[in-house]
K.L.:
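Right, I'll just put the structure down here and ask away after.
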Number of protein chains: 2
Amino acid sequence: MNSPLHLYKAEFFKALGHPLRLAILDSLRDGPLSVTKLQEMVQVDQSILSQHLAKLRSFKFVTARREKTTIFYHVHDTDVYIFLDLAKNIYGRQLQLSQDILNQLNTTEHI
Amino acid sequence: MNSPLHLYKAEFFKALGHPLRLAILDSLRDGPLSVTKLQEMVQVDQSILSQHLAKLRSFKFVTARREKTTIFYHVHDTDVYIFLDLAKNIYGRQLQLSQDILNQLNTTEHI
DNA sequence: TTATTATATTAGAATGTTCAAATATAGTAA
DNA sequence: TTACTATATTTGAACATTCTAATATAATAA
């Protein structure tokens, strides 16, 4: 157990396991954005945004480029979107199943 | 920020963000296994294995079926492997990039 | 019924992650 | 140089996850 590969892979998934970081990646779908612009979009404190950008950077999900005093972020490998969208398929089915069970419960009289 | 979708998606990734849970899913690639057999493969305490199986179950990554006194686990939706393997592509490139930088540093004399 | 085997759950301690606030840095312009 | 704007880093508190150990449950067999 705890092969280096599983350890690294787990870190990779953890890096995606935060709502704000997912929101950041979604905000960058249509191209690079400055931190200020990102902040407007995701509506969090500057410091918090910066901390989460650091995490995304550390796994190379995003890359930063400076232009004068502004820093622009862009996704490093846009295939990550294929990956994120595929995730939707998987948990979509999981949710569907839960929903079906839920519906079944709701439409059953004797509860 | 914090759309329910991002919240759920983050939980989904967190559920995959543990080396043991990834090892469990890998162990189940070739078909269902009993908890005892799984335990032999991943080499952890019974209680710990059970707790992680509970988490995988709660996100429907795995499903349990009882046969007499033995419980067999199997992956609920085998597409999860397509997903996990795609992850490898993404972080593989990330790692490659780091490796390249590292190599460059190592082969540069003036350091 | 009791004992046994297989697995799950619970409670608290240990550890890790995130947040909030303050401070630091880096570039530019005056 | 000083002041300003944009962004990053640090620190400790708040919160969440994981581990350990003990206990619970469920099925079976004796």
Side-chain angles (χ1 to χ4, degrees), chain A residues 1-3 6-25 27-28 32-76, chain B residues 1-3 6-25 27-28 32-76:
Chain A
M1 223 288 288
N2 273 7
S3 77
H6 284 145
L7 278 171
Y8 184 85
K9 201 163 181 169
E11 292 304 314
F12 172 88
F13 281 114
K14 273 196 253 176
L16 293 174
H18 191 288
L20 179 55
R21 292 196 288 272
L22 294 173
I24 292 170
L25 291 175
S27 297
L28 293 173
L33 290 175
S34 68
V35 175
T36 305
K37 187 68 192 160
L38 261 174
Q39 198 182 345
E40 279 171 34
M41 297 183 77
V42 298
Q43 298 273 55
V44 294
D45 197 88
Q46 183 272 318
S47 159
I48 289 185
L49 177 55
S50 202
Q51 289 169 208
H52 286 280
L53 284 171
K55 184 133 208 173
L56 288 173
R57 235 165 37 222
S58 79
F59 279 87
K60 295 218 183 56
F61 284 114
V62 299
T63 305
R65 145 180 70 83
R66 181 184 281 275
E67 217 166 273
K68 298 211 172 189
T69 160
T70 303
I71 303 216
F72 288 90
Y73 276 88
H74 64 275
V75 298
H76 172 72
Chain B
M1 224 288 288
N2 273 8
S3 76
H6 285 144
L7 279 170
Y8 184 85
K9 201 162 180 170
E11 292 305 314
F12 172 88
F13 282 115
K14 273 196 255 177
L16 293 174
H18 191 288
L20 179 55
R21 291 196 289 270
L22 293 173
I24 292 170
L25 291 175
S27 297
L28 294 174
L33 291 174
S34 69
V35 175
T36 305
K37 188 68 192 162
L38 261 174
Q39 198 182 346
E40 278 172 35
M41 298 182 76
V42 298
Q43 298 271 57
V44 293
D45 197 88
Q46 182 272 318
S47 161
I48 289 186
L49 176 56
S50 202
Q51 287 170 196
H52 286 280
L53 285 170
K55 184 133 209 173
L56 288 173
R57 236 165 35 221
S58 79
F59 279 86
K60 295 218 184 57
F61 285 113
V62 298
T63 306
R65 145 180 70 85
R66 181 184 282 274
E67 218 166 274
K68 298 212 170 185
T69 161
T70 303
I71 303 217
F72 288 90
Y73 277 89
H74 64 276
V75 298
H76 173 72

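All chains are named by letter (A, B, ...) in the order of the sequence lines, taking the proteins before the strands, and each is independently numbered beginning at 1.
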K.L.:
CD1 of A:Ile24 versus P of C:dT18: gap in Å, rounded?
P.N.:
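Rounded to the whole Å, the gap is 12 Å.
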K.L.:
Output the single nucleotide from D:dA8, D:dT20, C:dT7 whose closest atom is nearest the side chain of B:Gln51.
P.N.:
D:dT20
K.L.:
Would you indicate which nucleotide in C:dT7, D:dT17, C:dT18 comes nearest to any side-chain atom of B:Glu11?
P.N.:
D:dT17
K.L.:
Rounding to a whole Å, what distance do you find between B:Ile48:CD1 and C:dA14:C1'?
P.N.:
12 Å
K.L.:
Tell me the closest heavy-atom pair linking A:Ser27 and A:Val42, and the distance in Å.
P.N.:
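Heavy-atom minimum between the residues: OG-CG1, 3.8 Å.
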K.L.:
Quick one: is A:His18 getting a side-chain N or O under 4.0 Å of the D:dT17 phosphate, OP1 or OP2?
P.N.:
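So the side-chain polar atoms of A:His18 never come under 4.0 Å of the phosphate oxygens OP1 or OP2 of D:dT17.
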K.L.:
For the CD atom of B:Gln51 and the CG atom of B:Leu20, what is their distance to the nearest 0.5 Å?
P.N.:
10.5 Å
K.L.:
For A:Ser50, answer base if it contacts any base atom (sugar-phosphate contacts may also be present), sugar-phosphate if it contacts only those atoms, and nothing otherwise; contact means non-hydrogen atoms under 4.0 Å.
P.N.:
base
K.L.:
Please tell me if B:Arg66 has a side-chain N or O lying less than 4.0 Å from either OP1 or OP2 of C:dT7.
P.N.:
no
K.L.:
Whole Å only: how far is the CD atom of A:Gln39 from the P atom of D:dA6?
P.N.:
10 Å
K.L.:
Which whole-number value in Å describes the distance from B:Phe13 CZ to C:dT18 C1'?
P.N.:
19 Å
K.L.:
Which whole-number value in Å describes the distance from B:Ile71 CD1 to D:dA27 C1'?
P.N.:
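Those two atoms, CD1 and C1', are 10 Å apart.
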K.L.:
Round to a whole Å and report the spacing from CD of A:Gln43 to C1' of C:dC19.
P.N.:
17 Å
K.L.:
For the pair A:Glu67 and A:Arg65, evaluate salt bridge (charged side-chain N to carboxylate O under 4.0 Å, His left out) and give the outcome as yes or no after the intermediate values.
P.N.:
CA-CA 7 Å; A:Glu67 217 166 273; A:Arg65 145 180 70 83; 2.7 Å; yes
K.L.:
Is the phosphate of D:dA6 approached by A:Tyr73 (side-chain N or O, under 4.0 Å from OP1 or OP2)?
P.N.:
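Checking D:dA6 against A:Tyr73, no side-chain N or O comes under 4.0 Å of OP1 or OP2.
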K.L.:
Check each residue of residues 52-59 of chain A for a non-hydrogen atom within less than 4.0 Å of any atom in DNA chain C, then write out the ones that pass by number, or none.
P.N.:
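Only A:His52, A:Lys55 qualify.
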K.L.:
Using a cut-off of 4.0 Å on non-hydrogen atoms, how would the nucleic acid contact of A:Ser47 be classed: base, sugar-phosphate, or nothing?
P.N.:
base
K.L.:
Counting side-chain heavy atoms from CB outward, which of D:dA8, C:dT5, D:dT10 is closest to B:Thr69?
P.N.:
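Looking only at side-chain atoms, B:Thr69 lies closest to C:dT5.
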K.L.:
Could you state the CZ-P distance from A:Arg65 to D:dT7, rounded to the nearest angstrom?
P.N.:
12 Å
K.L.:
Counting only distance, no hydrogens or angles, is the base of C:dA21 paired donor-acceptor with the side chain of A:Gln46 under 3.5 Å?
P.N.:
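Checked by distance alone, the answer is no.
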K.L.:
Less than 4.5 Å apart, any side-chain heavy atom of B:Leu53 and any of B:Leu38?
P.N.:
yes
K.L.:
So, is B:Lys14 near the phosphate of D:dT17, with a side-chain N or O under 4.0 Å from OP1 or OP2?
P.N.:
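Result: yes.
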K.L.:
Rounding to an integer number of Å, can you tell me how far B:Leu38 CG sits from C:dA8 P?
P.N.:
10 Å
K.L.:
Taking the side chain as every heavy atom from C-beta outward, state whether B:Val62 and B:Leu25 have any atom pair closer than 4.5 Å.
P.N.:
yes
K.L.:
Under a 3.5 Å distance rule, please check whether A:Arg21 uses its side chain to pair with a backbone N or O of A:Leu56 as donor and acceptor.
P.N.:
no
K.L.:
Counting C-beta onward and ignoring hydrogens, is there a side-chain heavy-atom pair between B:Leu16 and B:Phe61 closer than 4.5 Å?
P.N.:
yes
K.L.:
Is the base of D:dA6 touched by the side chain of A:Thr36 through a donor-acceptor pair closer than 3.5 angstrom?
P.N.:
no
K.L.:
Under 4.0 Å between any heavy atoms, over every strand shown, what does A:Phe72 touch: base, sugar-phosphate, or nothing? Just pick one.
P.N.:
nothing
K.L.:
For A:Gln39 and A:Gln46, which heavy atoms make the closest approach, and how far apart are they?
P.N.:
NE2-N, 3.3 Å
